[in-house]
Q: 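Take this structure first; my questions come after.
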Amino acid sequence: MPEENFTNTLYTNDNLFILNGLNSDLVDLIYLDPPFNTKRLFSAQIGSKAAGSSFKDMWNWQDVNEEYLNTLAENYPALTDFIASTSVVHSKAMAAYLTYMVQRIVEMHRVLKDTGSLYLHCDPTASHYLKVLLDEIFGKNNFRNEIVWCYRRWTNVSQDFQRMHDTLLRYSKGSNYILNKLSEPTKSSEKRKKKGYYTGHPTIKDGKRMMNLVVYDKLKAQNAVASGKYDNIVYKEETGEVIFPDWWEIPIINSQAKERTGYPTQKPLALLQRIIKASSNEGDIVMDPFCGCATACVAAQQLGRKWIGIDVEKNAVDILIERLSDDAGMFKDFVATKLIPKRTDIQVVQPTQSVKERLYKQQNGKCNGCGNEYLMKDMEIDHIIPKAKGGGDYYENYQLLCGNCNRIKGKNTMEFLRIKIQTRKNLLKEKIIFGE
Ligand SMILES: C[S@@+](CC[C@H](N)C(=O)[O-])C[C@H]1O[C@@H](n2cnc3c(N)ncnc32)[C@H](O)[C@@H]1O
Ligand SMILES: [Zn+2]
């Protein structure tokens with residue numbers, strides 16, 4: 001069951017709720033490719049595997065838990081100011097988008113292990129704004145790379161330079177993180193390795209022309225060595241492993257490619273394989289909270305990692321299930337669920353009378369909503385994050401509210417309650433001032 005280990009699970013739900021229900025320090029690598037705020041509606045091609053799938057990339061305040069800004073102001077006041085200024089510098093839609101992103105990134109940071117890394121895939125539309133959010137949440141010293149993914153594609157006539165890259169912002173949670181060297185064998189390096197040796201170009205040493213031989217496999221190179229033609233013989237183990245530069249040339253998926261599902265914005269497996277190989281090891285947990293047609297999950301499985309995929313769109317999940325089941329029959333054992341997982345790293349505590357007494361003391365007898373003082377018998381235990389949104393039965397998720405506040409809050413969040421209280425206060429003020 002997903003509650004127990006969370007991995008190799010595909011969740012169909014808002015990633016915020018799923019993240020709320022996941023343990024802290026769980027995941028080794030997070031790759032996210034969220035909608036970019038490009039103000040487009042992405043739809044899959046008719047007739048493709050993914051036909052009927054679409055997702056919105058247009059933002060307005062209805063999409064966002066606007067009240068979250070109050071909570072953000074308590075924990076990250078600088079980000080609240082920053083988001084407010086993007087509303088002026090760019091647009092209200094950008095501020096809405098960033099509010100939507102920030103509350104998810106805070107949760108991603110929590111579920112990441114101390115040695116974990118996060119790659120945020122975006123493009124120049126919002127990358128510079130998103131970087132500010134990440135700098136504040138991860139710490140600016142944990143910014144590791146801005147990777148430019150370059151590709152060629154057909155574009156319309158443009159008055160500007162053709163836009164042919166995306167950006168990957170790479171952060172680590174701490175200073176001790178994984179970055180594996182990678183080998184990217186070329187055709188000629190493969191050929192050389194197979195042959196066992198390589199006759200390097202002649203070099204000049206002390207005015208003398210030297211014939212070189214680089215040997216990778218002593219047995220295979222025996223004859224070449226025995227020929228006595230070489231002045232300079234070097235034995236070398238060729239791993240071909242290098243640390244890549246921060247720009248990557250990887251082709252986008254062509255229209256005939258086998259891996260193409262037709263899902264809008266599907267990313268190439270080669271890109272995800274590179275990220276996963278670089279920043280995780282076998283057996284590690286890779287998570288993609290905006291997984292679309294599950295490219296990251298497929299790549300993780302191929303590379304012997306465990307994975308968690310989340311997408312809110314039912315269509316995305318249907319095609320994803322098909323893809324996972326199809327792919328080389330590798331994916332027999334995975335769970336697909338809408339259920340929100342329950343954290344197991346926090347002690348489950350039933351809301352008993354003694355919990356109530358403890359909370360009453362902690363809150364100095366005041367309601368956490370309206371702030372008024374009440375007798376203990378007039379207070380009720382409430383889940384701060386409702387269970388329907390990933391909150392659980394643990395002490396940290398309990399608070400006392402007066403009956404009235406509890407009724408207003410219902411199954412909503414604290415932000416909802418605060419806005420309602422504020423609106424009431426304003427109405428009351430108007431009544432008093434205008435005598436209505
Ligand atoms: C750019 S696509 C990801 C494409 C993916 N990398 C691939 O290779 O197929 C963004 C995805 O995020 C999903 N999404 C948007 N908001 C979400 C949310 N709150 N929770 C989970 N998924 C969400 C969309 O349904 C869409 O599939
Ligand atoms: Zn109250």
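Just follow the structure's listing: the first ligand is 1, and inside any ligand the first atom is 1.
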Q: With distance as the sole criterion, is a donor-acceptor pair present between the side chains of Ser117 and Tyr171 under 3.5 Å?
A: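 No, Tyr171 and Ser117 have no side-chain donor paired with an acceptor closer than 3.5 Å.
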Q: Whether the Asp114 and Asn176 side chains hold a donor-acceptor pair (N or O, under 3.5 Å, no angle test) is what I'd like checked.
A: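 No, no side-chain donor-acceptor pair sits under 3.5 Å.
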Q: So, Tyr398 versus Arg358: side-chain donor-acceptor pair below 3.5 Å or not?
A: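 Checked: Tyr398/Arg358 side chains show no N/O donor-acceptor pair below 3.5 Å.
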Q: Take every heavy atom of Arg104, measure it against each atom of ligand 1, and state whether any distance is under 4.0 Å.
A: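 Arg104: in contact with ligand 1 (<4.0 Å).
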Q: Would you compute the distance between atom CG of Leu29 and atom CZ of Arg170 and round it to the nearest 0.5 angstrom?
A: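 Going from the CG atom of Leu29 to the CZ atom of Arg170 covers 10.0 Å.
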Q: Can you list the ligand 1 atoms lying under 4.0 Å from a non-hydrogen atom of Glu313?
A: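 Checking each atom against Glu313, I get 25 (O).
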Q: Does Lys338 come within less than 4.0 Å of Asp14, counting only side-chain N to carboxylate O?
A: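 Judged by the 4.0 Å cut-off on N to carboxylate O distance, Lys338 and Asp14 do not form a salt bridge.
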Q: Would you say the side chain of Glu380 lies within less than 4.5 Å of the side chain of Leu401, judging by non-hydrogen atoms?
A: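 Heavy-atom side-chain distance check fails, nothing below 4.5 Å.
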Q: Give a yes/no verdict on whether any heavy atom in Ala296 is under 4.0 Å from an atom of ligand 1.
A: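 It does not, in that no heavy atom of Ala296 comes within the 4.0 Å cut-off of ligand 1.
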Q: Which option, Asp311, Thr261, Asp33, Asp288, owns the non-hydrogen atom nearest atom 4 (C) of ligand 1?
A: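 Result: the heavy atom closest to atom 4 (C) of ligand 1 is in Asp33.
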Q: Suppose I only count heavy atoms of Gln266 and a 4.0 Å limit; which atoms of ligand 1 are within that range?
A: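 In order of numbering, the contacting atoms are 7 (C), 8 (O), 9 (O).
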Q: Is the shortest side-chain N to carboxylate O distance from Arg110 to Glu107 below 4.0 Å?
A: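 Salt bridge present between Arg110 and Glu107.
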Q: Are Lys113 and Asp28 ion-paired here, with the side-chain N under 4.0 Å from a carboxylate O?
A: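 Looking at Asp28 together with Lys113, the answer is yes, because their closest N to O distance falls below 4.0 Å.
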Q: Between Gln350 and Thr352, do the side chains contain a donor N or O and an acceptor N or O under 3.5 Å apart?
A: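 No.
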Q: Using a cut-off of 2.8 Å, find all protein N, O or S atoms closer to the Zn ion (ligand 2) than that distance.
A: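 You should have found Cys367 SG, Cys370 SG, Cys402 SG, Cys405 SG.
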Q: Quick one: look at Asn13 and ligand 1, take heavy-atom pairs under 4.0 Å, and tell me if it's side chain, backbone, both or neither.
A: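 Backbone only; the side chain of Asn13 stays clear of ligand 1.
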Q: Atoms of ligand 1 less than 4.0 Å from Pro289 heavy atoms?
A: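 The atoms of ligand 1 under 4.0 Å from a heavy atom of Pro289 are 21 (C), 22 (N).
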Q: Check Tyr100 against ligand 1 and report side chain, backbone, both or neither, counting heavy atoms closer than 4.0 Å.
A: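 Side chain only.
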Q: Under 4.0 Å from any heavy atom of Lys267, which atoms of ligand 1 are there?
A: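 So the answer, numbered in order with elements, is 6 (N), 7 (C), 8 (O).
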Q: With atom 15 (C) of ligand 1 as the reference point, say which of Cys122, Pro34, Pro35 has the nearest heavy atom.
A: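 Among Cys122, Pro34, Pro35, the closest heavy atom to atom 15 (C) of ligand 1 comes from Pro35.
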Q: Does a donor on one side chain and an acceptor on the other come within less than 3.5 Å for His90 and Tyr129?
A: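 His90 vs Tyr129: no donor-acceptor pair found between side chains.
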Q: Would you confirm whether Ser279, through its side chain, and Ile276, through its main-chain N or O, come within 3.5 Å as a donor-acceptor pair?
A: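 Not confirmed, Ser279 side chain does not pair with Ile276 backbone.
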